[in-house]
Amino acid sequence: MIVRLRFTKNGKIRFIGHRDVARIFERALRTAGLAVAYSEGFSPRPKVAFGLALSVGYESDNEYLDVVLAQPEDLEDVANRLTAALPAGLDLLEVGEIDRHANSLMEAVTSCEWVIDLATDDEAAVRASVDAMIAADRVVITRERKGKTVEDNIRPDLLSLKVSMNPETSTARITAELSTEGRSLRPAEFLGALEPSFEVTRVRRTHQWISHGDTRIEPHEADVSRAAHPNVGAS
Amino acid sequence: MWTEIEPLLDNVQKPARYIGGEGGAQEPEHASDKVAWLLTYPDTYEVGLPNQGLQILYEIVNERDDAVAERSYAPWTDMEEQLRAAGLPLFSVDTHKPADAFDIIAFNLSAELTYTNLLNCVDLAGAPVRAADRTPEDLLVIVGGHCTYNPEPIADFIDAVVLGDGEEVIGEITDVVHAWKNNDRAGGREAVLRQLSQLEGVYIPSLYEATYDGQTLVSVLPKCDDVPERVEKRTVADLADWPYPKHQLVPLTDVVHDRLNVEVFRGCTRGCRFCQAGMITRPVRERPAEQVRTMIAEGIKRSGYDEVALTSLSTADFSGIEDVIKDTMDDPSCSQVSISLPSLRVDAFGVGIAAELQRGRRSGLTFAPEAGTWRMRQVINKLILEEDLYGAVDSAFSQGWRRSKLYFLTGLPTETDEDTEGIFELARNCVKIGKKYTGGASVTVSVGGFVPKPFTPFQWFGQNTVEELRRKVGVLLEQNKISRGVQFKWHDPEATLVEGLMSRGDRRLGPVIEDVWRNGGVFQEWSEHFDLQRWLDACERHDVDIEWYVYRHRTEDEVFPWDHLSAGLHKDFLWQEWRDALDEVGLEDCRWTPCYDCGACTGYGIEHVVASATPPAGGSQGTGQNLAVGGAVPVELLSKSGAVVG
């Protein structure tokens, strides 16, 4: 039985790394008494598969993890037991059963939406900078690839850019949809290409999209046959 | 002060070091009439978090109604820069309170090279680094841990020292500080320190005067009549009364020893003459096997860990160790759990233990023969035969391990190049044994430079010079060239020198430590920050003669800087052991043979707590044929010793 977990990464826990999240889930699954299938071999590893890594310091409303359970379980029960075992900030939103032939998260996700809060309250300046980038034919950044510095045009990876004000803090905010196909465009790379650059206060991943032609869905909608949500207050 | 810290975390490496929130972490409620402890490990979060001593005290204090405890760790240099630039102090990771919200900052000192970090943490906490400059409102700076058996080099910077086990005395200290604090700190620091000096196991350096005759230390004596001439260590008589930590912290990020740790016994009487831990933690106090089983099962269930380490010195000496391992492996709630024994004597490790361990996931196996030849091992009283090592290694490889690690010391008393080269001869033979079972067999040899420690028979020995240790590393590197399947690692001889300076230094080293700290010498345990020149320059500026402190052999009449402290051990017992070492005469383990009165039990009216009157089966158990054991060791044992060998 393969389950797809959807969870947040918010608050203090945003400062832990991708591997840390993996370790926490491995332990939480054990604490919850959920037997995970293990790989064969000299050093067996639990069969879990993560989606796209989230940089240290970034928050997320939608993170995913696929887990192969050793035996069938009640989904609601899984949701409640795991919720009780997870630390604050890693909040389980949904547990869905997926088909064993489902694409891996890494392959399936084609773009991510990011909400980027800036320190400045000068919305017009941010808008001018973003508009200039949208108007450009090419946006070239330098990256390291296999130890060599290469130049990449990231313009095709900028799927959508919107500027607004964060009503809570009265500061400028960019909502960006960035492609993850090929070499994933990271928010820091996009922000580094803005001229002038702006001080960033908070970055949050709000969606991970799987696009098929004109339609797009999220991983918890893809390949999921049925789903359950933890009871509020289960933790 | 989380809101002030949070923005800084975008600018530092590994920000998870500073967020707290571990499984088992507490958010105690402070109150003006409670005593607040800030338990601090003077190194990075990754190194400090697993420290069991601090975790035990954290729980014990937080169980009280009149006290709270939180934790902090030395901020890495990037975070320190951020804090200082923002004008922010050291903070607790539990509720992110500034250090001055606490009454006591207490450090665990496990390594001498962390001393400059202690000063840095006190300074970051906002207290004057010199104890004499502190006001009644400033933090009380208390230290505990193995290094405190000679706290004299840091005497200027600390208010109080705890010798020995902390479980009981931390409550007594809390009582004293609580009464003082709730009486308007009447009498100032002097008053509370004077009261603390009356507690057994508590040493107040400022209440003692050191006298010198030229270079030579004459005495360290109390300044007042009611202060004890000699401070005795504290010993918890029965570990069964202290099943801590009950809720071991489960970190959110990577730390060293990231696993469940269950202390199965405390103390060791194997009597290795170089080993300070084995001398100062006597006698042996085993935890009841049933309690060990419970702590494992509950700890695994609660933490979600898939590895448990049974901790102690020489863990295979635990009575019924095989049963405990077997029961854990048989427990269905512990499936997929691997057991590691971080400290193993080869003569107590047989096929039985190897077979049980290999049922779980195999973790690494480390053995510590410590010296390359039987002669050398007699000198250091690590009486394991070559056959014991080969038997243990054979057990491991035959049960599926592919690599093992061997620990050695170099720079030991009377060591010759033949002894040094013997290290690799053993390693090569171990590889050969491994090749019988797997072509990929490999052995890692890890060699540390020997630092003579207080309260050991080798406290009179002049440490090898940096040049001599380097030469010995060279000898080992030559051997390494002709040893296939052996990986060689060694400890920096320059760091060994500074450890030696601190290990047996006196109060005159205070200015050196402060000088190195003021010149930016923090995180000296880390090779990227360690700089010997900084220490050499500081020693020169403060007229500290390294030759005299580190390399000089001491004579019988030497007054040591720690002679006014006591781990129970009679000085004449240690001196006799030193003479016997030079004569290559061994001494048996008193837990299974009659008492030879080292002082650790008799002085305190306590005894070994061991479930079995005989050593675990297998190996020679320190009964090597060259040793005159007389009738002290059970005959049954001697016959068993052949079972594993070969």
Side-chain angles (χ1 to χ4, degrees), chain A residues 9-48 55-59 70-71 81-82 84-90 116-119 169 187-188 191 199-203 235, chain B residues 2-3 5-25 27 45-46 79 93-96 249-255 258-260 298-307 332-338 358 360-364 400-403 438 440:
Chain A
K9 188 184 178 192
N10 284 329
K12 287 177 185 167
I13 213 161
R14 71 191 171 98
F15 290 109
I16 70 172
H18 192 58
R19 286 183 53 233
D20 295 331
V21 176
R23 253 195 309 271
I24 289 170
F25 267 97
E26 280 179 29
R27 285 198 302 256
L29 285 159
R30 281 193 294 265
T31 314
L34 296 167
V36 179
Y38 271 70
S39 62
E40 305 286 318
F42 182 78
S43 178
R45 300 293 310 155
K47 288 190 176 177
V48 296
S55 296
V56 171
Y58 290 180
E59 293 186 308
Q71 59 204 44
R81 276 148 74 186
L82 256 185
L86 285 168
L90 291 184
I116 301 161
D117 281 313
L118 304 177
T169 55
L191 290 162
E199 191 190 330
V200 178
T201 54
R202 195 65 66 112
V203 180
S235 61
Chain B
W2 171 251
T3 52
I5 296 164
E6 191 176 21
L8 309 183
L9 297 185
D10 286 325
N11 310 324
V12 300
Q13 289 174 27
K14 304 189 183 177
R17 287 166 166 168
Y18 312 106
I19 63 173
E22 304 87 350
E27 296 187 353
Y45 178 82
E46 303 90 280
M79 186 61 174
V93 299
D94 304 274
T95 66
H96 295 95
L249 295 170
V250 183
L252 299 174
T253 189
D254 210 7
V255 300
D258 194 8
R259 61 193 178 204
L260 181 70
E298 285 179 1
I300 288 289
K301 195 169 163 215
R302 198 189 55 78
S303 67
Y305 275 125
D306 63 350
E307 181 183 352
S333 68
C334 290
S335 64
Q336 301 290 351
V337 170
S338 71
Q358 66 88 35
R361 270 183 317 110
R362 285 179 198 89
S363 48
W401 272 270
R402 291 188 212 180
R403 62 182 63 130
T438 167

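None of the values given here were measured: they were computed from a predicted structure. Excluded from the calculations below are hydrogen atoms, water molecules and symmetry mates; all remaining heavy atoms, backbone and side chain alike, are included. Per chain, numbering begins at 1; letters A, B, ... match sequence-line order.
Annotation: maximal heavy-atom pairing with chain A below 4.5 Å, among B:G304, B:G20, B:P15, occurs at B:G304. Note: B:L252 leads B:V250, B:D10, B:L252 in heavy-atom pairs under 4.5 Å with chain A. Annotation: maximal heavy-atom pairing with chain A below 4.5 Å, among B:S303, B:G21, B:G23, occurs at B:S303.
Both the backbone and the side chain of A:I13 come within contact range of chain B, each with at least one heavy atom under 4.5 Å from a heavy atom of that chain. There is no contact between B:R17 and chain A, counting heavy-atom distances below 4.5 Å. Of the atoms belonging to B:E6, heavy atoms from both backbone and side chain fall under 4.5 Å from chain A. Looking at A:I24, only its side chain comes within 4.5 Å of chain B, counting heavy atoms on both sides.
Although no hydrogens or angles enter the test, the distance criterion places no donor-acceptor pair under 3.5 Å between the side chain of B:H96 and the main chain of B:T3. Between the side chain of B:R402 and the backbone N or O of B:T438, no donor-acceptor pair lies under 3.5 Å. In this structure a side-chain-to-backbone donor-acceptor pair under 3.5 Å is missing from A:K12 to A:A88.
Salt bridge annotation for A:R23-B:D254: present, with a cationic side-chain nitrogen under 4.0 angstrom from a carboxylate oxygen.
Classified by interplanar angle (parallel below 30°, tilted 30° to 60°, perpendicular above 60°), the ring pair A:F15/B:W2 is perpendicular.
Relative to the six-membered ring of A:Y58, A:R14 misses at least one condition, a distance below 6.0 Å or an angle of at most 45° to the axis.
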